[in-house]
Each structure stands twice: as C-alpha cells, then as structure tokens.
Engineer: 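Let me give you the structure first, and then I'll get to my questions.
Keep in mind it's a predicted model, so treat the numbers as computed, not measured.
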Amino acid sequence: MKATRKMDTWQVISFVILALYALFLVLPLFQLLRSSVVSEEGQFTWEFFQRFFGRETYYGTLFNSFKVAVAVTASSLIVGILFSYFYSLFDLRGKAFLQVMAILACMSPPVIGAYSWIQMFGRGGIVTKFVRATFGFRMPDIYGFGGIVMVITCQLFPLVFLYINGALKNIDNSLIEAASGLGCSSFKRFFKVILPLCMPTILAAGLLVFMRAFADFSTPLLIGKGYQTFPVLIYNSFVGETSRSQNFASAVSVVGIVVTALIFFVQKMANARFNFTMNALHSIETHKPRPLASIVMHVYCYLIVLVAMLPQFFVAWQSFRKCKGGVFQEGYSLQSYAEAFDKILKRSLPNTFIIGVLALVMVIFLAILIAYLVVRRSNAVNSVIDTLSMVPYIIPGAVVGIALVITFNRGPLVLTGTAAIMIIALIIRRLPYTIRSSVAILQQIPLSIEEAAISLGCSKLKAFFTITVPMMANGIMSGAIISWITIITELSTAIILYSVNTETLTLTVYTSVVQGNDGVAAAVATILLVVTTISLLLFMKFSKNKDLAF
C-alpha cells in the first residue's frame, strides 16, 4: 500500500482560507444569483431582469452612473496629473502640507463631503443664502449631475496624484535631459515623454477612479435628488418603503457585477498593451520654475487642495455653532457635541472601534497568509484564492451587503443584524488593499532568507512569521492603514447590514443628516475626521515609505 501523503501546514491553511471564501463570498454571490432568477414561489423566471431592462427609470440608472464615472474619471485625471506634474518636477513651497491635505481629502468619508457641500451650496446652504441676500443672485445649487461630479472629483483626484507621483519617481532623469537637449520645450516634454511613460499608471489610476465613481453611494444618495444612479437604485430596491423587492434588488445587483467585471477586464486588456517596467538610475530632479510659472503652479496646487478640503473645514466649523431643533443658530457652543455624546456616541463610537479593530486584525492576519501563499507557494488552489480575494474590489459594496443578508438571514447560520456580519463584510471588502501591498513587498524579499533560517532548524511557519513578516511590516502597514480608514468610513455595505446595536460613526452621520439633525451630524462627522486624520498622521510618522499603496 502507498503511504498517504500528509498535507503540510501551508496546504491546510490554503484549504481553510478557500473554505472561508466559499462560505462568505462564493455562496452569498450564488444565493444572490439564485434570488435574481427564482421567484418567491420557487419558480425559475426572468421577470426581475425584464422589469429592470423594460423601464427606462431602472436601466437609465446604469447610463447615469456611466456618465458620472466617465466625467469624474476625466476631470480627476486632468486635475490629478497636472497637480502631480507640478508637485514632482518643480520646487514648490509647502510640499508636505500639499501631500497631507491631498491624502486627507481622498481618505475623508464621502458622506461628510456630500453633507458639507449641501450645507454650503444646497438650496438653503450658507453660501447660497449669502449670495442671494448680498447680490440678489440665485446661484445654481449643488444637486444633480454637476454636483455629483464635482463632489466626487474633489475626493478622487488625489488618488490620481498619488499614483502618478509614484510613477514619476521611476522615470530616469536622463530621458528628460535628452528631450530637453533635443530642443523639446516643457510643454512638449509633458505630452511626448512624461505622459507616454506614465501611461500604465494613468490607466490603473483611471480604472480605480472609474470604479469608485461608478460604485459611489453616499454622494448620489444625498445630492442626486432626481438624478438616480445605479448603486442608489440597488439600495432603494432592497430597503425602499414603497417598492421593496429582494428578488429585484438581486437582479439589479447581478447586472452591477457583470458591468463592473466587464469594465475591469477591458481595462486589464488595455493596460496589457501599454505595460512595461521602468527603473530610474537617476530620479527626476526638481527645478525652480520661472516667477510667473511659479505663481501659477502655487495658486493651482493650493487652490485645488483647499477646495478639496473645504468640506472638512466647513463641517468642523459647523460642529461648534449653536443648534436648536436641528437648525443652526447664531453663536457658538459645544451643545452639538454634548447631544451627540449623550444620545448616540456612547453606542456608535465604541461600535466603530470594536467592529473596526476586529475586522482590521483579521484583514492583516489573512492578508499576510494569502500574500505568502500567492508569492511563495503558487499553485492552482492559491491562484483561485488570489482571484477570489479581488472579486469584492470590483463590485459595489451594497451588492456584498445584499448577498450576505440573503444568505445569512435564516438557518443554519443566522448572522443578519449581528456585529459578526458587519465584521465579515468589512473583511471581505477591505482585504484586497492589504493583500496587494503585502504581495508587493513580499516579492522584494529574497526566499534565501527563509531558507537560511530553515537550514538552521527553524520550521517553515516559524521562519515566515519571525523573519519574513517583520521585513514586510512597511508594506503591511501601508495596506492596513488604507483598510482601516475605509473600514471606519464604510457606508454602502454597512447601511444594508447594520442594526440599532451595530451603528457606527459613519452611519450616525448619515442617519442624523436624514433626520435633519444637522448639529449632531456635524459633531459626529468632525469626530470621524479627527480619527481619520490621526490614523494618517500616525502612518506617516512611523512608516518608512510615505506613499500609500492603493
């Protein structure tokens, strides 16, 4: 008889992780698909898809989301590429300030940005009323397509900046000097040399911006008004008071998965055509611009980041104003904070940290294991795990939430309404960030280091956790901080899954806005901004690499 081959520890870990993905991702998505084509009577039907494609009110939301995503991607690329070009190639004063402000703008909760712009430029906004009273001019309000594009662009152009800034560091300065020596002006160098060399990064940044804009939930929900987008339709179909239908919401969600997957693969094919690697022996050298150009660059960069950060500054100011009956009054006080702490924050603040920290710990632990499996033990099973880990990256958060509710709202495993399902959803949604940064850093660590430890009698598992993981710390931290900030600011999934006992700070901001309690909304939003800012500053203080990995 042949001896049975015993699985080693890493093989066991592979199958355990695969089983977890099967239970908490594959099964929910299958149940979502089943719900979209099976009626409540258990009969196979295309009724729900026919309803979606049979009414312009429904399928039109797809085109609305596409229009928003295309417009946001175009505007973010234009603003972000120019911002990065000025920042990376010229000597600008206050570069550290510009970088921190840009990062804070893109990491701030979207719900806060949408709420703040409404408070400033809504029909009853403070700026709108001031202009009307002072100049007798009724300025356009923030609601609708234009407002959605502007608000999301202010939040997403920093992602383009961070991406392009990293790419520019990999361009060899000799290429710029050669172009200059051939008589190429700065304007021509930008279009003929720099943009083509950055094209893979531009495509990657464009995809990220497009996917985020397409799946953005809170901004269209709050300021869309009559302009409904696809993620908002998914949410309204599932929890709407008048047209609630789990089956229809499932069908719409399936359409969303197909559309976002197609976009993702088209971008991958486009990226493959422009894919190449660069290693700069001499990084690009910054130089001092001419006086007039310097003024233009400084005004542009500072104006862009200040506009992007305006909602954060405004909501912090609003939180200290007197508020009565949810309406702001003249004067200042800590009344909003007192009301927030007394009524809400005793529950939502602890929930945010308990749920967030538990989710983050599991994200880091699983990301480390998956990174090792993908890089060091590449095989068919681990390739499947790697692919599954990226699935939540390309589908809207509301889809993940609906799939989990459909799967775990009845036996044998009932999780709906518990903190556990919130944690599971956050892990699934935010794990890709830490996996990608962990994989990137592990690929740079020679395998010979582990092999040397193993040859000295150290087990494979011990060698990895005691030697390799500490060397991965910077990459893990980079991904973990992104995961942490997106965890504590998550709304699209959480709004589907939360209960009274699992409300978080972001949900408190949203519910306070909906209820018209602007004082509490501003106070809670400011606290959330403080938590986000402290998280970013801690990362930048203790991380050797100051650039976040997306």
Side-chain angles (χ1 to χ4, degrees), residues 73-107 153-209 271 274-309 478 536 540 543-550:
T73 302
S75 57
S76 295
L77 287 174
I78 293 171
V79 173
I81 290 173
L82 195 58
F83 184 92
S84 183
Y85 177 69
F86 292 157
Y87 178 91
S88 300
L89 272 73
F90 298 93
D91 292 325
L92 300 180
R93 294 185 179 181
K95 277 193 172 184
F97 173 80
L98 288 172
Q99 183 188 37
V100 171
M101 289 296 102
I103 295 174
L104 283 174
C106 71
M107 289 291 98
T153 299
C154 286
Q155 186 183 27
L156 296 186
F157 88 84
L159 296 182
V160 178
F161 157 66
L162 293 172
Y163 263 89
I164 304 301
N165 187 42
L168 289 173
K169 290 179 180 178
N170 291 324
I171 297 179
D172 198 297
N173 194 60
S174 60
L175 298 174
I176 307 297
E177 292 175 345
S180 180
L182 292 171
C184 200
S185 65
S186 297
F187 183 80
K188 284 187 176 180
R189 285 200 304 270
F190 176 73
F191 286 100
K192 297 290 187 179
V193 180
I194 293 176
L195 282 186
L197 289 175
C198 292
M199 190 54 65
T201 305
I202 291 172
L203 289 173
L207 172 69
L208 179 60
V209 171
N271 193 49
F274 293 93
N275 193 27
F276 53 85
T277 57
M278 293 186 296
N279 289 304
L281 296 177
H282 304 286
S283 298
I284 287 180
E285 297 175 0
T286 60
H287 57 277
K288 198 170 184 178
R290 295 174 181 175
L292 181 59
S294 178
I295 293 173
V296 172
M297 291 177 188
H298 280 84
V299 169
Y300 175 83
C301 291
Y302 277 91
L303 182 62
I304 289 296
V305 295
L306 289 176
V307 169
M309 283 298 295
S478 179
L536 283 169
M540 299 186 74
S543 175
K544 296 177 183 178
N545 178 16
K546 304 303 180 184
D547 295 322
L548 296 176
F550 290 87

Engineer: Say you draw a straight line from CE of M297 to CG of L92; how long is it, rounded to the nearest 0.5 Å?
Structural biologist: 7.0 Å
Engineer: Compare every heavy atom of C154 with every heavy atom of A105, then report the nearest pair and how far apart it is.
Structural biologist: CB-O, 4.3 Å
Engineer: Less than 4.5 Å apart, any side-chain heavy atom of L203 and any of L207?
Structural biologist: no
Engineer: Can you tell me how far CG of L98 sits from CD1 of I103, rounded to the nearest 0.5 angstrom?
Structural biologist: 11.0 Å
Engineer: Could you give the distance from CZ (F161) to CD (Q99), rounded to the nearest 0.5 Å?
Structural biologist: 5.5 Å
Engineer: Which pair of heavy atoms, one from F157 and one from A308, lies closest together, and at what distance?
Structural biologist: CE2-CB, 3.7 Å
Engineer: If you measure only the distance, is there a donor-acceptor pair under 3.5 Å linking the side chains of S84 and N165?
Structural biologist: no
Engineer: Nearest 0.5 Å, please: how far is CG in L77 from CG in L82?
Structural biologist: 12.0 Å
Engineer: Hey, are the side chains of V160 and F83 touching, using non-hydrogen atoms and a 4.5 Å cut-off?
Structural biologist: no
Engineer: Between V209 and L156, what is the shortest heavy-atom contact and its length?
Structural biologist: O-CD1, 3.7 Å
Engineer: Would you confirm whether Y163, through its side chain, and G206, through its main-chain N or O, come within 3.5 Å as a donor-acceptor pair?
Structural biologist: no
Engineer: Which heavy atom of D91 sits nearest a heavy atom of H298, and at what distance?
Structural biologist: O-CE1, 4.2 Å
Engineer: For the CZ atom of F86 and the OG atom of S294, what is their distance to the nearest 0.5 Å?
Structural biologist: 10.5 Å
Engineer: If you round to the nearest 0.5 Å, how far is CZ of R93 from SG of C301?
Structural biologist: 14.5 Å
